[in-house]
J.: 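What follows is a single structure, and I will ask about it in a moment.
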Amino acid sequence: GKKSLRQKIVDELKHYYNGFHLLWIDTKVAARMVWRLLHGQVLTRRERRRLLRTCADLFRLVPFLVFIIVPFMEFLLPVFLKLFPEMLPSTFETESKKEEKQKKKLNAKLELAKFLQETIAEMAKRNKADTG
């Protein structure tokens with residue numbers, strides 16, 4: 001069924017609360033990683049990616065906070081999200097946006113794989129012709 005205005009507002013507030021909570025957790029973990037880096041330990045590739053994502057999220061948070069702090073500017077947030085889709089920190093993304101992003105990445109990887117396969121096949125033909 002259709003949600004009431006009150007329920008929509010409550011759902012949005014929960015979404016932003018969860019986003020800030022996840023960002024806080026990511027920030028604490030990233031701080032521990034930075035501490036480890038400063039003491040000479042090496043991060044795994046997964047930890048390094050998480051640290052980079054968290055740092056990027058913190059930089060994205062600055063313009064996002066402007067929309068929250070300035071009165072009535074949150075009404076312009078959907079417009080700016082259309083213009084700048086990567087503006088929100090990753091902890092604020094919905095599942096549908098995450099799935100859409102994954103599909104785009106997968107399609108790009110498939111296109112790259114096809115290109116590489118064709119290139120290798122063409123190189124094999126050239127080598128066969130040169131040796132034959």
Side-chain angles (χ1 to χ4, degrees):
K2 193 167 182 167
K3 293 182 181 180
S4 67
L5 180 62
R6 182 178 186 274
Q7 187 61 38
K8 288 180 184 178
I9 292 172
V10 168
D11 288 344
E12 281 298 312
L13 288 175
K14 284 181 183 177
H15 175 72
Y16 287 114
Y17 171 78
N18 289 333
F20 277 115
H21 185 72
L22 289 172
L23 186 62
W24 173 249
I25 291 170
D26 281 350
T27 305
K28 287 192 321 187
V29 171
R32 285 189 209 123
M33 285 185 221
V34 169
W35 182 258
R36 285 178 35 209
L37 273 174
L38 292 174
H39 285 83
Q41 291 184 0
V42 178
L43 297 179
T44 63
R45 188 173 66 170
R46 183 178 187 186
E47 289 172 332
R48 186 174 300 278
R49 278 189 297 174
R50 185 171 187 176
L51 180 63
L52 289 174
R53 187 191 72 223
T54 304
C55 288
D57 285 347
L58 289 174
F59 284 121
R60 288 181 190 146
L61 188 64
V62 174
F64 180 64
L65 286 177
V66 171
F67 285 97
I68 293 174
I69 293 171
V70 176
F72 301 110
M73 195 154 175
E74 62 270 5
F75 296 117
L76 294 176
L77 186 61
V79 174
F80 278 89
L81 286 176
K82 274 290 191 200
L83 296 173
F84 309 104
E86 297 294 321
M87 189 177 87
L88 279 181
S90 63
T91 55
F92 290 88
E93 289 180 347
T94 60
E95 287 299 318
S96 61
K97 289 283 185 187
K98 285 181 184 177
E99 287 175 8
E100 184 180 317
K101 226 183 221 183
Q102 284 178 341
K103 285 180 184 178
K104 284 182 181 179
K105 281 184 181 179
L106 182 61
N107 284 337
K109 286 180 182 179
L110 286 173
E111 289 297 320
L112 180 62
K114 283 180 188 177
F115 171 74
L116 291 175
Q117 277 182 331
E118 290 171 359
T119 305
I120 290 172
E122 191 172 315
M123 287 174 63
K125 285 179 187 177
R126 284 184 188 169
N127 287 342
K128 206 175 208 184
D130 289 344
T131 58

J.: Please examine the side chains of Leu37 and Leu51, heavy atoms only from C-beta on, and report whether any two atoms are closer than 4.5 Å.
T.: yes
J.: With rounding to the nearest 0.5 Å, note down the distance linking CG in Leu22 to OH in Tyr17.
T.: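 Leu22 CG to Tyr17 OH: 10.0 Å, rounded to 0.5 Å.
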J.: Does any non-hydrogen side-chain atom of Arg36 lie less than 4.5 Å from one of Glu47?
T.: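 The answer is yes, as the side chains (C-beta and beyond) meet within the 4.5 Å cut-off.
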J.: Taking C-beta and beyond as the side chain, do Gln7 and Asp11 meet within less than 4.5 Å on heavy atoms?
T.: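 They are in contact (side-chain heavy atoms under 4.5 Å apart), so the answer is yes.
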J.: Say whether Leu76 and Leu65 are linked into one hydrophobic cluster, either directly or through other cluster members, by side-chain heavy-atom distances under 4.5 angstrom.
T.: yes
J.: Are Trp24 and Ile69 co-members of a hydrophobic cluster defined by side-chain heavy atoms under 4.5 Å apart?
T.: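 No, Ile69 and Trp24 fall in different hydrophobic clusters.
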J.: Are Arg126 and Glu122 side-chain neighbours, meaning at least one heavy-atom pair lies under 4.5 Å?
T.: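 A side-chain contact exists here, since the closest heavy-atom pair is under 4.5 Å.
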J.: Check step by step if side chain to side chain contact (heavy atoms under 4.5 Å, CB included) holds for Leu43 and Arg50.
T.: CA-CA 10 Å; Leu43 297 179; Arg50 185 171 187 176; over 6 Å; no
J.: Is there a continuous path of hydrophobic side-chain contacts, each under 4.5 Å between heavy atoms, that joins Val70 to Leu83?
T.: yes
J.: Rounded to the nearest 0.5 Å, what separates atom CG in Leu23 from atom CG in Asn18?
T.: 12.5 Å
J.: Does the distance from a Lys or Arg side-chain N to an Asp or Glu carboxylate O, for Arg60 and Asp57, drop under 4.0 Å?
T.: yes
J.: Is the number of heavy atoms from other residues, nucleotides or ligands within 6.0 Å of NE2 (His15) greater than 12?
T.: yes
J.: Shared ILVMFWY cluster between Leu13 and Leu5, side chains joined below 4.5 angstrom?
T.: yes
J.: Is the shortest side-chain N to carboxylate O distance from Lys103 to Glu99 below 4.0 Å?
T.: no
J.: Which of parallel (below 30°), tilted (30 to 60°) and perpendicular (above 60°) describes His39 and Trp35?
T.: tilted
J.: So if you build clusters from Ile, Leu, Val, Met, Phe, Trp, Tyr with side-chain heavy-atom gaps below 4.5 Å, do Leu61 and Phe84 land together?
T.: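 Yes.
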J.: For Gln102, enumerate each residue passing the side-chain hydrogen bond (donor to acceptor under 3.5 Å, both in side chains) test, keeping only those at least two apart in sequence or located in another chain.
T.: none
J.: What I'd like to find out is whether the side chain of Thr54 reaches to under 4.5 Å of the side chain of Met33, using heavy atoms alone.
T.: no
J.: How many angstroms lie between OG1 in Thr27 and CZ in Arg32, if you round to the nearest 0.5 Å?
T.: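 Those atoms lie 11.0 Å apart.
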J.: Run Ile120 and Phe115 through side chain to side chain contact (heavy atoms under 4.5 Å, CB included) and show every step you take.
T.: CA-CA 9 Å; Ile120 290 172; Phe115 171 74; over 6 Å; no
